[in-house]
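Reading through the structure tokens given below for one structure.
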Amino acid sequence: MIHVIDAGNRHLYGAELEQHYKIRHQIYVGERKWMALERPDGREIDQFDTADATYLLAIENGRVVGGTRLVPTICPHLMADVFPFLADVRGLQRGSDIVEWTRIFVVPERRGTDSKILHSVLAGMFEYCLANDIAAITVVMETWWMPRFLELGWEVRPLGLPTMIDGMNCVGTIITVSEDAYRRTLAFKDIDAPVILSHRAKRAPGERRISHG
Ligand code: COA
């Protein structure tokens, strides 16, 4: 299941958030060699990991196996603050119904065609957006994602021209949130809905479930 972690419930997810920062360091610094993100404490945390960020984490038996981050575009975010030139053609897209998507990952041992984790996180992202009246997602992405997203039937529109950044071919895009994109993403890996765990399912240690019945 995908857990949604934001300012309202992050006190319940201290251990999992810490795991996820360390996994991000192992993946983005260790594996992808994005050395600008290196930190001596082995936690990959940037200026957009604020109380405004929402994390979608795939957690199995207390172990983080995948995840991603959403940041409101009305707040500082990667495309607006670091790579605005990637939106040179259509312009930056900001609004209370648009989020920016960054830091998608699956732990190395759980990747590949037999794994459902990536698509569960992607479906979780649409499920979250549909439930929260978010109409679109912007993303600074490497261009190799484009065929993968189109294969899923998503509506993806470039905001500017592809540009080489640190040896990577990157493009700024906007993705339409739709029930259709959500359903197609689930169907691609035969994933059952809903993928997001109910907010009430995780409780603080010692907290008792309140019965409404
Ligand atoms: N460059 C180019 N293509 C890539 C790629 C990269 N860095 N990473 C994945 N792909 C493409 C390839 O087509 C790959 O198939 P191939 O290995 O046969 O070439 C395909 O995606 C499948 O990727 P894989 O890693 O086997 O499994 P997955 O689909 O379960 O997971 C990711 C994909 C991106 C989530 C996973 O590779 C990952 O966590 N990577 C590190 C984090 C990352 O780079 N995230 C994106 C930037 S935030």
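Indexing begins at 1, ligand by ligand and atom by atom, following the structure's order.
If you number the atoms of ligand 1 from 1 as listed, the ones under 4.0 Å from a heavy atom of Phe105 come out as 39 (O). When each atom of ligand 1 is checked for a heavy atom of Tyr28 under 4.0 Å away, the hits are 42 (C), 43 (C), 45 (N), 48 (S). Taking every heavy atom of Leu118 and a limit of under 4.0 angstrom, the matching atoms of ligand 1 come to 29 (O), 35 (C). For ligand 1, the atoms closer than 4.0 angstrom to any heavy atom of Arg32 are 7 (N), 43 (C), 44 (O). Of all atoms in ligand 1, numbered sequentially from 1 with element shown, those under 4.0 Å from a heavy atom of Ile27 are 41 (C), 42 (C).
Residue, atom and distance of the protein heavy atom nearest to atom 45 (N) of ligand 1 are Ile104 O, 2.9 Å. Closest to atom 39 (O) of ligand 1 among all protein heavy atoms lies Val106 N, 2.9 Å. Looking only at heavy atoms of the protein, atom 32 (C) of ligand 1 is closest to Trp145 CH2, 4.4 Å. Here the heavy atom of the protein found nearest to atom 25 (O) of ligand 1 is Arg111 CD, 3.4 Å. The nearest protein atom to atom 1 (N) of ligand 1, hydrogens excluded, is given as Trp144 NE1, 3.2 Å; this is a heavy-atom distance. When only non-hydrogen protein atoms are considered, atom 27 (O) of ligand 1 lies nearest to Gly112 N, 3.1 Å.
Under a 4.0 angstrom heavy-atom cut-off, Arg148 registers as being in contact with ligand 1.
The aromatic ring centroids of Trp101 and Phe126 lie 6.0 Å or more from each other. The aromatic ring centres of Phe48 and His77 sit 6.0 Å or more apart.
The existence of a salt bridge linking Glu109 and Arg63 is confirmed by a sub-4.0 Å separation between a basic side-chain nitrogen and an acidic carboxylate oxygen. A salt bridge is defined here as a Lys NZ or Arg NE, NH1 or NH2 lying under 4.0 Å from an Asp or Glu carboxylate O, and Glu142 with Arg32 meets this definition. Under 4.0 Å is where a charged nitrogen must lie from a carboxylate oxygen, and between Glu44 and Lys22 no such pair does.
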Under the criterion side-chain contact (heavy atoms from CB on, under 4.5 Å), I'd like the reasoning laid out for Val4 against Thr54: C-alpha separation, chi angles, the key distance, then a yes or no. CA-CA 7 Å; Val4 176; Thr54 297; 3.7 Å; yes
Are His3 and Tyr13 close enough, and set up right, to give a ring-ring contact (aromatic ring centres under 6.0 Å, His included), and what steps lead you there? CA-CA 9 Å; His3 296 243; Tyr13 284 95; 5.5 Å; yes
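Remark: atom 3 (N) of ligand 1 lies closer than 4.0 Å to at least one protein heavy atom. Protein non-hydrogen atoms do not reach within 4.0 Å of atom 18 (O) of ligand 1.
At a heavy-atom cutoff of 4.0 Å, ligand 1 is contacted by the side chain of Trp34 but not by its backbone.
Across all their heavy atoms, Glu127 and Pro194 have their closest contact at OE2-CB, 3.3 Å.
Relative ring orientation between Phe83 and Phe85 is described as perpendicular, the plane-to-plane angle rising above 60° on a 0-90° scale split at 30° and 60°.
The shortest side-chain heavy-atom distance between Leu17 and Ile5 falls under the 4.5 Å cut-off.
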